[in-house]
Amino acid sequence: DANATPLIDPRTGIAATGAARYNPWVWFYSYAQKWQSVNGTHFAGLGWETSQIDTAQLAYNANIADTNSWTISGQIDVTSDNALDILKDMAQAGGGTLTTRNGFLSATINAAKTSVATITDDDFAGKLTFGSASNLLERPNSVIPRFISESNNWTVVDGSAVTDAAFVTADKGFVRSQTITLPYVANATQAGKLAAYHLVNSREPFTFTLPLKPSMLHAADVGEAIT
């Protein structure tokens with residue numbers, strides 16, 4: 001790593017070393033700014049200032065990734081002008097989704113959540129409306145993750161299908177598979193876990209809109225749980 005591109009850990013604000021260099025959110029945080037060569041030349045990244053990035057959330061995400069042993073690996077085409085897609089793929093490797101929170105560049109993460117607020121009837125400013133999150137006939141009950149395989153000369157291979165018997169039963173026994181590509185994941189176990197999250201998230205039955213009073217404007221941020 002002596003000649004490697006400096007990567008900044010959002011948890012410390014300093015250059016990452018050792019295992020931290022393989023944390024997806026260290027990559028995300030650094031790439032959201034601008035990666036630099038050792039002589040200080042900018043050559044890749046989105047160019048966001050640290051003041052525009054939700055550093056606290058990314059630090060939280062980095063700790064979750066460490067807890068789950070989620071790492072990142074792969075080759076990035078720095079000649080690509082689609083840096084935002086690269087950032088999305090980095091978030092995906094860390095079990096998260098690119099988003100904005102209160103005007104800051106951020107990312108949610110798949111993890112257990114504790115409710116941070118409670119909404120009651122008194123908080124409503126209008127009628128609650130429901131919508132369908134997905135077409136019932138298109139929701140997968142099996143997900144096949146595609147990831148980078150070291151044993152296959154670092155080519156992209158199909159991992160084992162991830163499914164849930166309860167989902168198949170609910171779909172009258174019909175298996176509906178979906179394939180997801182994880183371009184920065186090189187671990188079969190990690191690929192399987194991320195596929196499981198994708199499967200469960202894709203089975204969400206509906207969305208809903210809650211018109212609330214102004215007093216609830218800051219009750220929760222994107223990605224947080226409420227009751």
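Sequential numbering from 1 along the given sequence is applied to the chain's residues. Basis for what follows: all heavy atoms, side chains included, without hydrogens, waters or symmetry-related copies. This structure is a prediction, so every number in the text was calculated from the model and none was measured.
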Between [X] (side chain) and [Y] (backbone), is there a donor-acceptor pair under 3.5 Å?
X	Y	value
Glu204	Val200	no
Asn141	Phe174	yes
Trp25	Pro10	no
Ser142	Ala161	no
Asp164	Ala166	yes
Asp123	Thr120	yes
Gln92	Thr181	yes
Arg146	Gly159	no
Ser30	Trp27	no
Asp9	Val26	no

Quick check: closest heavy atoms across [X] and [Y], and the distance to 0.1 Å?
X	Y	result
Phe28	Ala107	CZ-CB, 4.2 Å
Ala117	Ser115	O-OG, 3.1 Å
Lys213	Ala125	N-CB, 3.9 Å
Lys113	Ala225	CB-CB, 3.7 Å
Leu46	Ala83	CD1-CB, 3.5 Å

Which value, rounded to the nearest 0.5 Å, describes the distance between [X] atom [atom1] and [Y] atom [atom2]?
X	Y	atom1	atom2	result
Gln190	Trp70	CD	CH2	7.5 Å
Asn68	Thr189	CG	OG1	12.0 Å
Ile148	Asn152	CD1	CG	12.0 Å
Leu199	Ser177	CG	OG	10.0 Å
Leu7	Gln33	CG	CD	10.5 Å
Ile180	Gln178	CD1	CD	7.5 Å

Check whether any side-chain heavy atom of [X] lies under 4.5 Å from a side-chain heavy atom of [Y], and answer yes or no.
X	Y	answer
Leu182	Val156	no
Phe147	Leu194	no
Thr179	Val143	no
His198	Asn201	no
Ser106	Gln57	yes
Ile76	Ile86	yes
Asp171	Arg176	yes
Tyr60	Ile109	yes

salt_bridge(Arg101, Asp221) N-O dist < 4.0 Å: yes

Begin with the C-alpha distance, continue with both residues' side-chain angles, and end with the deciding distance and a verdict on side-chain hydrogen bond (donor to acceptor under 3.5 Å, both in side chains) for Thr99 and Thr108. CA-CA 7 Å; Thr99 188; Thr108 61; over 6 Å; no

For the residue pair Phe130 and Phe208, categorise the inter-ring angle as parallel (less than 30°), tilted (30 to 60°) or perpendicular (more than 60°). tilted

Apply the side chain to side chain contact (heavy atoms under 4.5 Å, CB included) test between Leu128 and each candidate in Ile119, Leu210, Thr209; give the one that qualifies. Leu210

Are [X] and [Y] joined in one hydrophobic group, where the rule is that I, L, V, M, F, W and Y side chains link up if heavy atoms are under 4.5 Å apart?
X	Y	result
Tyr184	Ile144	no
Trp154	Val157	no
Tyr29	Tyr31	yes
Ile226	Val222	no
Leu87	Phe104	no

Take Asp54 and Asn102 through the test side-chain hydrogen bond (donor to acceptor under 3.5 Å, both in side chains) and record every step on the way to the result. CA-CA 9 Å; Asp54 189 359; Asn102 297 326; over 6 Å; no

side-chain hydrogen bond (donor to acceptor under 3.5 Å, both in side chains) test vs Arg11 passes for just one of Asp66, Thr55, Asn61, namely Asp66

